[in-house]
Amino acid sequence: MIHLFSKLAQIFSLLALCIVGLVVALVFVQADLLQMEENEQTMLTGANCGNPSVYPTMSDESLSDTARLGRELFNNNCQQCHSAGAEVIVGPGLKGILERRSMEWIVPWVQNSQKMIAAGDPYGTAIYNKYNKAQMQSFALTANEIKAIIMYVQAYKQVMPSIVQP
Ligand code: HEC
């Protein structure tokens with residue numbers, strides 16, 4: 001009789017172990033499924049699916065938030081006369097601008113280039129003459145906004161070297 005009890009107890013403990021194992025396995029599978037769902041959601045709502053209309057070759061993830069703001073400002077204010085690459089449109093391509101000019105020069109230039117030319121800024125006068133006295137209008141942009149534009153121009157240079165340097 002005692003023998004039978006201990007056998008039964010053995011069987012029950014084995015069964016209990018099996019159940020615990022099953023529950024643990026289920027929890028893991030569930031967690032995996034949740035993770036998969038989450039991944040799918042980020043894939044669907046991720047930056048990639050945002051707005052591919054502007055600069056489709058430049059992936060959004062490669063841009064910081066500031067550079068993304070800069071891209072928007074650039075597209076709205078500068079693009080009709082400047083490329084972010086090297087080619088001349090109305091004005092010079094802005095590629096490598098920080099190698100030619102400092103931010104301290106660029107900010108007041110963008111805010112009022114005519115004022116700088118009138119004040120006799122030598123570099124400003126020289127490019128003004130070089131570009132057939134085409135006037136760049138003044139922009140009511142803050143220093144930070146102009147910095148964001150230049151950050152975008154710099155990122156553009158790094159991401160698309162094969163297009164910028166043919
Ligand atoms: C209407 C055309 C036009 C627009 C719009 C324009 N620019 Fe210009 N930009 C020029 C021209 C032309 C020059 C060359 C100097 C001159 O003729 O005044 C120039 C020169 C520059 C330079 C000096 C470039 C160098 O290689 O030294 C910078 C920097 C610049 N622009 C930045 C900007 C930014 C930033 C914007 C947008 C906020 C902008 N420009 C919008 C026409 C424009």
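In listed order, ligands and their atoms are each counted from 1. One-based numbering along the sequence shown. The model shown is predicted, which means the values in this text are computed figures rather than measured ones. Basis for what follows: all heavy atoms, side chains included, without hydrogens, waters or symmetry-related copies.
Surrounding CD of Glu145 are more than 12 heavy atoms belonging to other residues, nucleotides or ligands, all under 6.0 Å away.
Contact analysis puts Tyr123 in contact with ligand 1, with a non-hydrogen atom separation below 4.0 angstrom.
Nearest heavy atom pair, residue Val153 against residue Leu94, reads CG1-O, 3.3 Å. Nearest heavy atoms, Phe139 versus Met136: CE1-CE, 4.2 Å. When every heavy atom of Arg100 is checked against every heavy atom of Lys95, the shortest pair comes out as NH1-O, 3.1 Å. Annotation for Ala134 and Val90: closest pair CB-CG1, 4.2 Å, computed over non-hydrogen atoms.
With a 4.0 Å heavy-atom cut-off, ligand 1 is reached by the side chain of Trp109 but not by its N, CA, C or O. Contact annotation for Phe139 and ligand 1: only side-chain heavy atoms (C-beta onward) come within less than 4.0 Å of the ligand. With a 4.0 Å cut-off on non-hydrogen atoms, Lys133 does not touch ligand 1 at all. Only side-chain heavy atoms of Leu141 come within less than 4.0 Å of ligand 1; its backbone N, CA, C and O stay farther off.
Ring geometry, Trp105 versus Tyr123: the interplanar angle exceeds 60°, so the pair is classed perpendicular (tilted spans 30 to 60°).
Regarding atom 11 (C) of ligand 1, its nearest protein heavy-atom neighbour is Gly91 CA, 3.7 Å. Nearest non-hydrogen protein atom to atom 3 (C) of ligand 1 is Cys81 SG, 2.6 Å. Closest protein heavy atom to atom 5 (C) of ligand 1: Asn77 O, 3.2 Å. Of the protein's heavy atoms, Ile127 CD1, 3.7 Å lies nearest to atom 23 (C) of ligand 1. Distance from atom 14 (C) of ligand 1 to its nearest protein heavy atom, with residue and atom name: Pro92 CD, 3.7 Å.
Any N or O atom pair closer than 3.5 Å counts here, and Ala134 shares at least one such pair with ligand 1. The shortest N or O to N or O distance between Arg100 and ligand 1 is below 3.5 Å.
Between Ile117 and Trp109 the shortest side-chain heavy-atom distance falls below 4.5 Å. Contact annotation: the side chain of Ser138 never approaches that of Gln111 to less than 4.5 Å [non-hydrogen atoms, C-beta and beyond]. Residues Gln114 and Tyr128 have side chains in contact (heavy-atom distance under 4.5 Å, counting atoms from C-beta outward).
Under a 4.0 Å criterion applied to the non-hydrogen atoms of Ile97, ligand 1 contributes the atoms 24 (C), 25 (C), 26 (O), 27 (O), 29 (C). Within the listing of ligand 1, atoms 34 (C), 35 (C), 36 (C), 37 (C), 38 (C), 39 (C), 41 (C) sit less than 4.0 angstrom from a heavy atom of Cys78. The contact set between ligand 1 and Gln80, taken as ligand atoms under 4.0 Å from a residue heavy atom, comprises 5 (C). Every atom of ligand 1 with a heavy atom of Leu94 under 4.0 Å away is listed here by number and element: 28 (C), 29 (C), 30 (C).
Judged by distance alone, with hydrogens and angles left aside, the side-chain atoms of Ser13 form a donor-acceptor pair with the main-chain N or O of Gln10 at under 3.5 Å.
The NE2 atom of His82, atom 8 (Fe) of ligand 1 and the SD atom of Met136 define an angle of 170° (nearest 10 degrees).
A continuous path of ILVMFWY side-chain contacts below 4.5 Å connects Leu98 to Leu73, so both sit in one hydrophobic cluster.
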